[in-house]
Each structure stands twice: as C-alpha cells, then as structure tokens.
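Please read the structure below before turning to the comments.
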Amino acid sequence: MKGGEESDIDARKNAFGANTYPRKKGRSFLAFVWDACKDLTLIILMVAAAVSLALGIYTEGIKEGWYDGASIGFAVLLVIFVTATSDYKQSLQFQNLNEEKQNIQLEVVRGGRRIKVSIFDLVVGDVVPLKIGDQVPADGVLISGHSFSIDESSMTGESKIVNKDQKSPFMMSGCKVADGYGTMLVTAVGINTEWGLLMASISEDSGEETPLQVRLNGVATFIGIIGLSVAVAVLVVLLARYFTGHTYNPDGSPQYVKGKMGVGETIRGVVKIFTVAVTIVVVAVPEGLPLAVTLTLAFSMRKMMRDKALVRRLSACETMGSATTICSDKTGTLTLNQMTVVEAYFGGEKMDPPDNTQKLSAAVSTMIIEGIAQNTSGSIFEPEGGQAPEVTGSPTEKAILSWGLQLGMKFSETRSKSSILQVFPFNSEKKRGGVAVQVGDSEVHVYWKGAAELILESCTSWIDKDGSKQSMTPEKVGEFKKFIEDMAVASLRCVAFAYRPCEMSDVPKEDQRADWVLPEDNLIMLGIVGIKDPCRPGVQDSIRLCAAAGIKVRMVTGDNLQTARAIALECGILTDPNVSEPTIIEGKTFRELSDLEREEVADKISVMGRSSPNDKLLLVKALRNRGHVVAVTGDGTNDAPALHEADIGLSMGIQGTEVAKESSDIIILDDNFATLVRVVRWGRSVYANIQKFIQFQLTVNVAALIINVVSAVSSGDVPLNAVQLLWVNLIMDTLGALALATEPPNNHLMQRPPVGRREPLITNIMWRNLLIMAFYQVAILLTLTFKGLTLLRLEHDNPAHAEILKNTFIFNTFVLCQVFSEFNARKPDELNIFKGIAGNKLFIAIIAITVVLQVLIIEFLGKFTTTVRLSWQLWLVSIGLAFVSWPLALVGKLIPVPDRPFLDMFTCCCPGKKEADDGKEDSGVKNIEVV
C-alpha cells in the first residue's frame, strides 16, 4: 500500500489523531442578548415599562391598562433582540475568518511526490519539506537538512535559534524555520503536541476593537452626554409644567390638579414623563456608530475574502483606504510568477535555442547539470509509465530545473552521483545560494548561482565550450556585462552559474562542518541564463487606477536596475525610459545616504533595484517620516520588519512564508497586484460607509432632539412618544447601520484622493447635507406640532382624537423622512442618489422592511404605539412632505462648501501603525478630539 493512499491516511488519522485541536466554543446567542440587556437606558425603560404596566392595570383594569407598559416593553425587547442577532452574526463571521487564518497550506511528500495539503489534513508518518520562514506544522524528527535551524521562542519563550541535525533532530509544532531547509517526519499531531495542548487551552479573541471603533465610541459618548443633558432639561421642564398645572389634556383640562389626583394617577403621569425623557436619551445616544463599524468591517472582510484578500488585523481595513503609496515587489505581484528560461550564455557563446548544448563539451554539460541538480531547494518527481516529470519549488527554481530537464538532466540519477557536504541557502542579502558536493573520493565542487553581476564580480576565470579554463580578462568581463545588460533590457531576470573546485583536505571534518563558510572568491564562471516572467494582464490598468486615486506605486525589487526599468516601463510605473536617479535608484545607493537625505529622496523614488529587505525597511521608514501612509508587500522572512513597520503590511499567500504572513495585516491570497488595488477600494469603502451612516444618524439625532425639546418646553408635551422613539431608534441604529454599512465599493471611490492624516471625520459636505435635511425636518414637523390641527383641518374633530391623529401624522412623516434621508446618505457628494442601488439588495430590502413595518404600525398596531389609522389622503401628504426632502437635498448639494473644516470636533488622523508596537502613529482613524 502506498503511503499516500486515502485508506492509509484515514488509518493513520484514526490511530494517531487529526492535526486539529478542540476549540473553545464561541459566545452563544443568549450571551449577546444578555449583553444587550445591560444597556443602562434600556434597563431604565424596562423598569418604567413595568411600573407603567402595573399602574395602568391598577387604574384602568387589565383590559385597557396594559397597552402603554406592554408597548414600551415590547419595543425594548425588539431593540434587544435585533441588536443581539446582529452582534451574534458578526461574531460568527469573525470566528470563521479566524479559522481561515489558521488554515495553512503546506507541501507534503506522499507516494514519492510533493502535494499541497491543509495543515489540518496532516497525519503522523507524513514527510514534510521545510524551508526558511515555514512553520513547523506538527511534532516531528528531522530526516535530512542543510544549515537547518529553528526559532523555538513560541514554545520556550527564549529567542534562541537552535540548530537541528542528526544529534538533535526533534522539532516542536508551532516553531519557525530560521535558516536552511530540510525534511521532517511527523511523529505527533493535534492535541498530542505541546502546541495543540497550548492552543486548546486558549480561545481566539475576535473582540478586537479597531481605532475607528474606539474613537467612535468616544464620539457616541460625547453625543450621549449632550442627549442626556437635553433629556434632563426636558424632564425638569415637563415635571415643572405637570405639577404646576401647565400640562393639558387634549380637551384643554390640566393633567394634574393639586389635591384632586390619586397617588396612582400622579405616579403614572410622572412615569410617562420620565419614560419620554429616557427615550430621548435612547434616541440621542448613537450606539449605532460602533455597530456600523463592526457591520462594515465584517461585510468588507467577507467580500475581501472572495476577492482573494484575507484580513488578519481589522484595523488594516480602515487603514488601507488612506494609503498614499504602495511599495510593491515585482516578482509574482506585478508579474505572473510563471518563469521560463528563454536565453542562455554558456561556454562564451549564446545558446540558441537555450537548451541547445551541441556546441558544449560533455564535461561542461555534465558540470552545468550537476550544479542545477545539487544547488537547488526544489525537486523533480519522475512518475512511472513515461509521464511528464513534476517540478516543484519556487518559480525561479522551477524555471531552472525545467531548463535542466531540457538539457537532458536525470534529476535523481544526477544527485545520486555526488553527495552534499554543505549548503548555503539562497540569501536575499547576498542574492546567491551555494552548495559543496563531493565527487568521487577526494574531489569537491562548490557551486554558486545568483544575481548575475554579483556572481561575475567573484569570478576570476571562465569555462569555454571545450571545458578549458580561461582567464577573466577585462574584455571578457565587458562581454559578460553586455550580455547581462541585453537580457535586462529585455526584462529578463539574469541568473549566473559558477563553481570552484576544492580538495577534500580543504573541507572541515563532519563534526566541524556546521560552521564551514563556503568559499565565494576565485570562482569560475559557467554561464548565465535569462528568465522571463511576463507582466500580469491588467496590471497597467491597476496602476493607472492607483494614480487617479492619488496613490503612488513604487516597485522594490532584487533585480538589477535595467531589468527593473524594463518591467516598470512595461507595467506603467515609469513612463519615460530615460529617467535617472533618484527616480530609479539602486538599494546600495539609497542605503548609503543619511537619514535626512533618504527622506528627501524617498518621495521621488519610483523604482528601487538590487534592494535588500533592509533597504525596503529604510524606504518605508523614510516615507512614513514624510507623512505618507505606506502599504508594503513582502513574501520572505526578511521582509517581516518592513511589513511590521509599514502602516499596512501585505504578504503573499502563494509565495509568502509563514513568518511574513504573521507579520502582515492582510494576506493577498493570489499574489496579484489587482487584488491589492481591490483591497484599497474596500478600505475606502469602509471609511465612506461610516461617514454615510454618521450623516444619516446625526440628521435623525438633531431633528428628534430639537422637535421634542421645543415641544416639551412650549407645550409640556412631546409629539413623539416613547414607543415611537424606540421605533425610530431601531430604524436609525440597527436597520440604518445594516443598510448603509454594507454599501459595496464603486469606482467613484478611486477618483478621489486618500483620506489625509488630519481629515475631519465629518466633512464640510456632510455638515451641509445633514444641516439641510435636519433643518427641513425640524421646520415641517414643528409647524405640524403647533399648527397641525389647523393645517390638517382637525379643529372641529374630537380634541383627543384630533391630537392623536396629528401626532400620528407627525410620527409617520418623520419616519418617511428618514427613509429619504437614507437614500440621500448613500451618495453624500453625488447628485444621482439611485446610482448603483440595484447592486445593494440588502439596502433595498431594509428600506422595504422599514416601509412595510411603518404601515403595519400605523394601520394595525395603533393600540401599542398610540397612533390611529391615516386616510389615504394623509398618507399621500405625508409621503409628499418626505419626498420634498430629496430635491431639497439635491439643490443643497449644489451649494459649494469651503475647504477649511467647519468643525474640528471630529477631526481624525488616518491610520498609522500600532502605537503599542512602535510608539508611532496608531492605526485606524486617529485623534478624535472633542473641543
């Protein structure tokens, strides 16, 4: 039975367990209900409802007296359950995303071939290849390895790198590969590992609050204080008017007459007044603001996952919308990462085609093939039956190995002819990798491959086509350089191959070999290959979109300047082929500048070639110091510092190491630059949706507060009672947040500049819109409050019925105004508020639900809401008054607004990196300062 067969896998899984561990259950729905019940204002309203219910039944009997108290209680329960349901659903979404973050894809060797599996599908007995930056997926023992070392700090707490070899082969799950590469045999998985026991004892915290949520909590508290102050003032005024006999019934008689009122009736009147005051607080406190952030983040994260972007840190959603520059890798991000060798220069001549070895001697061909087969971290599986070989490894390794196959290389046979003595894994700092192999009894070959011009600098001779060693003359150096330059201009990646012969006597003994440094000088040049990696389709359009959105794209690559220039011109990052420093700069040049000079130059850089991970880090720091919000991509372990330093770290899902992914904020699952641009759109959408909701909610807040306060002070009564205000609260908080926070992004978002570091959270456009809408609503509703009986021709009706009908009409008009206000809030700075509405079915559904429920409340639930049925004529008038707010809003949008912020009260800074991490800008919208 083959080791990779499903029955064998299942048998091992049953015998030794799966590579999963029991997770602590998430919070139940009842826990969220309990949280919602803890809201102080809702508790007060429940108490008031209970008192009102008891007094109503006591004074009027159970048949008529239960309506008021039960109505308030039901409305409060509805708010609680809608809030709890919303929070519970978001909790489940975040839980699913957390599980997705832990679903690492890795390679295992089963049945002799490398295949990709989920970390959860790993079983005891699997052979797992590991390389620098990988996470050890289970407990196991090292089978073979070269320069292999592990960072065990996640398990031991000590940041000490531990070398692993045959003397110390044991590895623990959860540790990271710090250097080298090797293969391990899995001996324990899941709960049977130390890591599994540790993870089973802790639960994933999905309660991360983003900076925008934290600051909006502050804004909500501030507005709540204003609402509380107003409610207290209304309470005092209403109580004063009530006890002094200035609060009247619809028939004109005073509600309270000293000495003639029973205790129960007096208490009931006071409770009614107190309920109105508390309800004003409920309406005034915009608890929907943090809810809107949670909803839009959850919605965006789910949609971004479909767009091949996995969000690891919530704050990155907000931050990405404010990015002013993107420092992108070339390979795999701007290009397809589908590499092929298209040119070759060996034996002093160009090989045409690149796999034509007829002009080369057998000795030269053998040496090239040996260097390819041994100096690699990839592998080739040669299936039985004459099927095509399967090549695995990094894209560069796959290209070179595939070329080796075309040269006639038999991978397993070639590797068996010599034994590896020491390995120097490819290093992004030195941009080369090497291996020492023993051939025969005493002969040793040290093979190097890497960046062509850097390998060339280490060569003192070269091999001609006959296998003869020739001196590296200045003329020959110039010839090699010319060939490298011609390749680079054709946007090819240039990789050189060199070797150096040694004697076995020069090699340290086996027990001392771990510290042996392979010789890098006096090398003999074998040849150079040019590897083509075409640009991704559509990358030019994505870069143009970024430019239109005010985002500068900078390419940071390890390739030489000529290759970098050619690719940048092909992608559209550069438009002029003749640009010079500092627009296109070498990493070494940038590195040698002073801090101040680097900051001056950083703004002008479009392309950085031959850069190391440290150069990328220096560039990120310089740009941030210049005030930029920096997004940076990275895939290697050494990119981790730059990913951490940047405002938004973006790691690659396919080529990225686990170390890079853990240091990043967002994982680009398909390594595609277009996906990165879609992430920017979603980031801007988060910020825009929050602003839409703020405009909508503050409009309702301002209108409801002014109407009730003015009415209370002038007449001793309010047109909107407790149950009605709770319904309005439900519309503007939960339903409003659902409708506006889930608006999908549009191209208009990418036609505006990024949100600045001192951009007000409430812009002048928003102030203009909400003040116009609130002024209109206050004007018509106060007019109806004081002149409604005359305007509606109700002077001759029964006074009690006329008053209820007037208040019902006011309530209905107010709610319908909010429906039109939601439409206006969708497009704060556009005239066509219906544009793209078909794409947001949830918005349409919520509007429909709101209208249907409003009709039900007016027409069928009057007993509970103290409303009466409206005639169709009054419905039309109510709809007409609400409809007028739409053209009024359109006219208002034509009014120009000044650039200077109307109020700095809600000034914020755009996202920066975590203060706790580096003492710099906090991530997310910053510094909401209440002045």
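This one's a predicted model, so the numbers in the text were calculated from it and none came from an experiment.
The side-chain heavy atoms of Leu623 and Arg554, taken from C-beta on, include a pair separated by under 4.5 Å. Between Leu650 and Val632, every side-chain heavy-atom pair lies at or beyond the 4.5 Å cut-off. A 4.5 Å side-chain heavy-atom check between Leu574 and Val607 finds at least one atom pair inside the cut-off. Within the 4.5 Å cutoff, the side chain of Ser328 has heavy atoms near those of the Leu334 side chain. Taking the side chain as every heavy atom from C-beta outward, Ile531 and Thr340 never approach each other to under 4.5 Å. Side chains of Leu619 and Lys621 form no contact here, defined as non-hydrogen atoms less than 4.5 Å apart. Proximity of Ile372 to Leu401: side-chain heavy atoms (C-beta onward) are separated by under 4.5 Å at one or more points. Annotation: side chain of Phe497 is not in contact with side chain of Ile528 (no heavy-atom distance under 4.5 Å).
In this structure a side-chain-to-backbone donor-acceptor pair under 3.5 Å is present from Arg598 to Leu593. Gln422 contributes no side-chain N or O that, together with a main-chain N or O of Val437, makes up a donor-acceptor pair within less than 3.5 Å. When atom types are taken as modelled, the side chain of Thr633 and the backbone of Asp329 share a donor-acceptor pair closer than 3.5 angstrom. The backbone N or O of Thr657 sits nowhere less than 3.5 Å from a side-chain atom of Asp635 that would complete a donor-acceptor pair. Side-chain atoms of Asn522 never come within 3.5 Å of backbone atoms of Cys459 as a donor-acceptor pair (strictly under, hydrogens ignored). Between the Ser147 side chain and the Val423 main chain, a donor and an acceptor come within less than 3.5 Å of each other. Of the possible donor and acceptor atoms, one in the side chain of Gln540 sits under 3.5 Å from a partner among the backbone N and O of Glu570. Listed for the Ser168 side chain is no donor-acceptor partner under 3.5 Å among the backbone atoms of Lys164. Between the side chain of Thr589 and the backbone N or O of Ile585, no donor-acceptor pair lies under 3.5 Å.
Between Thr335 and Arg536, the side chains place no donor N or O within less than 3.5 Å of an acceptor N or O (distance only, hydrogens not considered). A side-chain N or O of Thr675 and one of Asp670 form a donor-acceptor pair less than 3.5 Å apart. For the residue pair Thr183 / Ser144, a side-chain donor-acceptor distance below 3.5 Å is found, with atom types taken as modelled.
Shortest non-hydrogen contact noted between Met171 and Val136 is CB-CG1, 4.3 Å. Closest approach of Val556 to Cys327, counting heavy atoms only: CG2-CB, 4.1 Å. Of all non-hydrogen atoms in Met184 and Ala138, the two that sit nearest each other are CE-O, 3.4 Å. Across every non-hydrogen atom of Ile484 and Cys494, the tightest pair is O-SG, 3.6 Å. Taking all atoms of both residues into account, the shortest heavy-atom contact from Val341 to Ala399 is CG2-O, 3.7 Å. Considering every non-hydrogen atom in both Lys167 and Asp165, the closest pair reads N-OD1, 3.0 Å.
Summarising the geometry, atom CG belonging to Leu142 is positioned 10.5 Å from atom CG belonging to Leu185; distances are rounded to the nearest 0.5 Å. Taken from NE2 in His445 to CG in Asn375, the straight-line distance is 13.5 Å, to the nearest 0.5 Å. Rounding to the nearest 0.5 Å places CG of Asp179 at 8.5 Å from CG of Asn163. If you take CG on Leu405 and CD1 on Ile369, they are separated by 9.5 Å, rounding to the nearest 0.5 Å. To the nearest 0.5 Å, the span separating OG1 on Thr333 from CG on Asp671 amounts to 6.0 Å. Distance check: Glu581 CD to Glu586 CD gives 8.5 Å after rounding to the nearest 0.5 Å.
Remark: Asp464 engages Trp462, Asp466, Ser468, Gln470 in a side-chain contact (heavy atoms from CB on, under 4.5 Å) (not counting sequence neighbours). Residues that satisfy the side-chain contact (heavy atoms from CB on, under 4.5 Å) test with Ser612, not counting sequence neighbours, are Glu429, Arg591, Asn614, Asp615. Not a single ring pair (Phe, Tyr, Trp, His ring centres under 6.0 Å) links Phe673 to another residue, sequence neighbours left out. Partners of Thr392 by side-chain contact (heavy atoms from CB on, under 4.5 Å), not counting sequence neighbours, listed by chain and number: Glu107, Arg114, Ser379. Qualifying ring pair (Phe, Tyr, Trp, His ring centres under 6.0 Å) partners for Phe424, counting only residues two or more places apart in sequence or in other chains: Trp448. When the ring pair (Phe, Tyr, Trp, His ring centres under 6.0 Å) test is applied to Tyr181, the partners found at least two apart in sequence or on another chain are His146. The side-chain contact (heavy atoms from CB on, under 4.5 Å) test applied to Ile104 returns Ile119, Gln135, Glu658, not counting sequence neighbours.
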Full working for salt bridge (Lys or Arg N to Asp or Glu O under 4.0 Å) between Lys449 and Glu397: CA-CA 11 Å; Lys449 75 177 177 192; Glu397 294 287 2; 2.8 Å; yes
Stepwise salt bridge (Lys or Arg N to Asp or Glu O under 4.0 Å) check, Asp134 with Lys176: CA-CA 6 Å; Asp134 286 349; Lys176 302 291 190 299; over 6 Å; no
Check against salt bridge (Lys or Arg N to Asp or Glu O under 4.0 Å), Glu349 and Lys465: CA-CA 8 Å; Glu349 294 184 11; Lys465 61 183 179 180; 3.2 Å; yes
Salt bridge (Lys or Arg N to Asp or Glu O under 4.0 Å) between Arg113 and Glu382, worked out: CA-CA 8 Å; Arg113 71 172 59 175; Glu382 297 164 337; over 6 Å; no
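Legend: side chain to side chain donor-acceptor pair (under 3.5 Å) pairs involving residues 411-420, not counting sequence neighbours, sorted by first then second residue: Gln374-Ser418. Sorted by first and then second residue, the pairs that involve residues 364-407 and meet ring pair (Phe, Tyr, Trp, His ring centres under 6.0 Å), not counting sequence neighbours, are Phe346-Trp403. Listed by first and then second residue, the side chain to side chain donor-acceptor pair (under 3.5 Å) pairs that reach into residues 479-503 are Thr331-Arg493, Tyr345-Glu479, Thr396-Arg493, Lys476-Glu479, Lys482-Asp486, Ser491-Lys532, Arg493-Asp559, Arg500-Asp521, sequence neighbours excluded. The side chain to side chain donor-acceptor pair (under 3.5 Å) analysis of residues 351-365, with sequence neighbours excluded, yields no pairs.
A salt bridge links Arg432 with Glu520: the closest approach of a Lys/Arg side-chain nitrogen to an acidic carboxylate oxygen falls below 4.0 angstrom. Using a 4.0 Å cut-off between a side-chain N of Lys or Arg and a carboxylate O of Asp or Glu, Glu453 and Lys431 do not qualify as a salt bridge.
Within 6.0 Å of NZ in Lys509 there are 12 or fewer heavy atoms belonging to other residues, nucleotides or ligands.
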Sequence neighbours left out, cut at 3.5 Å: what donor-acceptor pairs do the side chains of residues 562-569 make with other protein atoms?
residue : atom : partner : partner atom : Å
Thr563  : OG1  : Leu492  : O            : 2.9
Thr563  : OG1  : Asn560  : OD1          : 3.1
Arg565  : NH1  : Pro577  : O            : 3.0
Arg565  : NH1  : Val579  : O            : 2.8

